[in-house]
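First up is the structure itself, then whatever we jot down about it.
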Amino acid sequence: MSHVGSFTLSRSLSFLFLLVFMASCGSDGSAPVSTAPSAVAGSVESVFYAGVSVVDVTPPIGVPLAGYGGGPRRCDPADTDPSNYHTFLNPSEGILDPIYAKALVFASGDAKVVILSLDLVAVVSEFVDLIFQYARDMGTTVLKEHFMVHSSHTHSGPGAISGLKWWELIGSDKLVPSVQHDLAKKCAQAVFEAESNMVSARFGSASVDLPGITKNRRADDSPNLTVDMVDEELGILRIDKANGTPMAMVWNFAVHGTSLYSWNMNYSADFMGAASAKMESAL
């Protein structure tokens, strides 16, 4: 599923990545007892390095949430006060759970790759360009073509971060440059810290089908869709330190982050964030 050196990833791990970070020491400061087996299934023996970082990137309360353009989220009439973060959507009201940027940088030989997982509804090229430029300014050496930036697709993450007109009008609200740049800087910080934290590591990969976990909600609305038209594959990359201490896990599962509906006005990573937190606690 992954090849050290070229870092080519298969289709099953190509469109959504969420990072889970393990604790590096026990509550008493001692090294944890590793839950890693002596040989991870699918592990590749190679000179391999990895570093991880997680940064709370939650914007100020008042920045609108992206993902729903109607219902309680819609500001009617539009707010034209330039001192506010919002225009077409109502402002966020609180924090249900933080919004995170989670970065994994791994390398073998001269090749170095970053996987950056964000609690956002989506990312576009202009935002990736900003993250990359700030990361370069901080000192990262990862090449632009080796940046892999992914959103979890939560519908309760921050808006006002893209100048695409249809984004602004329909479900993300008007671009606020200060919000966009502050978020990009914090995402870049995660990348820089992860690269700075790199240590000798090993990794393994696996996949398994999870039938019945998700469903095709459009199956009853279209004659061309059936209830079994879902991607049930869970893909996993696991990163351990060379001594077997768990560092991070990357998981991929086709989901739609809408457990919290349009009435929710608080920041949240939705159930994808809850799943990641559960795995972090369990592992």
Side-chain angles (χ1 to χ4, degrees), residues 14-19 54-75 85-103 115-132 147-188 190 214 217-218 231 250-277:
S14 62
F15 64 95
L16 169 65
F17 291 86
L18 295 174
L19 299 186
V54 55
V55 174
D56 186 336
V57 299
T58 310
I61 295 173
V63 173
L65 305 178
Y68 295 105
R73 295 270 181 95
R74 177 59 57 175
C75 184
Y85 293 120
H86 67 287
T87 302
F88 307 120
L89 301 177
N90 285 315
S92 57
E93 298 176 358
I95 302 172
L96 188 60
D97 52 278
I99 302 300
Y100 287 117
K102 297 181 177 181
I115 297 177
L116 180 62
S117 174
L118 306 176
D119 293 330
L120 301 177
V121 69
V123 290
V124 293
S125 59
E126 61 176 305
F127 191 62
V128 176
D129 290 343
L130 269 180
I131 295 172
F132 175 75
F147 259 60
M148 303 173 65
V149 184
H150 306 267
S151 67
S152 67
H153 197 62
T154 174
H155 280 233
S156 294
I161 61 172
S162 172
L164 293 179
K165 296 306 177 184
W166 64 273
W167 265 47
E168 292 183 317
L169 293 171
I170 296 177
S172 181
D173 213 333
K174 190 174 180 179
L175 171 66
V176 178
S178 62
V179 173
Q180 181 194 53
H181 281 257
D182 184 62
L183 186 62
K185 287 179 183 177
K186 292 177 179 177
C187 293
T214 188
R217 66 177 183 174
R218 302 296 187 188
D231 185 350
V250 188
W251 67 279
N252 162 247
F253 190 66
V255 295
H256 199 181
T258 55
S259 287
L260 299 173
Y261 298 109
S262 60
W263 43 258
N264 174 57
M265 301 303 296
N266 298 318
Y267 289 118
S268 175
D270 209 278
F271 74 90
M272 298 82 65
S276 292

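On a predicted model such as this, the values are computed, not experimentally measured, just so you know.
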> Residues two or more places apart in sequence or in another chain: which of them pass side chain to side chain donor-acceptor pair (under 3.5 Å) with S268?
Replying inline: D97
> With no hydrogens and no angle check, is any side-chain donor or acceptor of D182 less than 3.5 Å from a backbone partner on P59?
Replying inline: no
> What is the minimum heavy-atom distance between I99 and A269, and which atoms define it?
Replying inline: CD1-N, 4.2 Å
> Do you know the tightest heavy-atom contact between I131 and A188?
Replying inline: O-CB, 3.5 Å
> According to the interplanar angle, ranging from 0 to 90°, do the rings of H155 and H256 count as parallel (below 30°), tilted (30 to 60°) or perpendicular (above 60°)?
Replying inline: perpendicular
> Can you tell me how far CZ of R74 sits from CD1 of I170, rounded to the nearest 0.5 angstrom?
Replying inline: 8.5 Å
> Taking it one step at a time, do D56 and Y100 satisfy side-chain contact (heavy atoms from CB on, under 4.5 Å)?
Replying inline: CA-CA 5 Å; D56 186 336; Y100 287 117; 4.0 Å; yes
>> Contact between T58 and I95 at the side-chain level, heavy atoms closer than 4.5 Å - yes or no?
In response: yes
>> If we ignore hydrogens and angles and just use 3.5 Å, is the side chain of D173 paired with the main-chain N or O of A160 as donor and acceptor?
In response: no
> So, for L96 and L260, which heavy atoms are closest and what is the spacing to 0.1 Å?
Replying inline: CD2-CD1, 3.7 Å
>> Quick check against the 3.5 Å criterion: does S92 have a side-chain atom that pairs as donor or acceptor with the backbone of P64?
In response: no
> What distance do S178 atom OG and L183 atom CG have between them, rounded to the nearest 0.5 Å?
Replying inline: 11.0 Å
> Would L120 and I161 count as a side-chain contact (heavy atoms from CB on, under 4.5 Å) if you check the C-alpha gap in whole Å, the side-chain angles of each, and the deciding distance to 0.1 Å?
Replying inline: CA-CA 10 Å; L120 301 177; I161 61 172; 4.0 Å; yes
> Can you tell me how far the CG atom of L118 sits from the SG atom of C187, to the nearest 0.5 Å?
Replying inline: 4.5 Å
>> Between R73 and M265 (side chain of the first, backbone of the second, donor and acceptor by atom type, cut-off under 3.5 Å), is there such a pair?
In response: no
>> If you apply the rule side-chain contact (heavy atoms from CB on, under 4.5 Å), what do you find for Y267 with D119, and how did you get there?
In response: CA-CA 10 Å; Y267 289 118; D119 293 330; over 6 Å; no
>> How long is the straight-line distance from CG of L89 back to OH of Y68, given to the nearest 0.5 Å?
In response: 13.0 Å
> Between CD1 of I115 and CZ of F147, what distance do you get to the nearest 0.5 Å?
Replying inline: 12.0 Å
>> Donor-acceptor check, side chain of E126 to backbone of S162, threshold 3.5 angstrom: yes or no?
In response: no
>> Donor-acceptor check, side chain of N264 to backbone of N266, threshold 3.5 angstrom: yes or no?
In response: yes
> Once you round to the nearest 0.5 Å, how far does OG of S156 lie from CG of L65?
Replying inline: 6.0 Å
> Which atom names give the shortest non-hydrogen contact between G159 and V179, and what distance separates them?
Replying inline: O-CG1, 4.1 Å
>> What verdict does the side-chain contact (heavy atoms from CB on, under 4.5 Å) test give for V255 and F271, after you've listed the backbone C-alpha separation in whole Å, the side-chain angles of each residue and the deciding distance to 0.1 Å?
In response: CA-CA 10 Å; V255 295; F271 74 90; 3.6 Å; yes
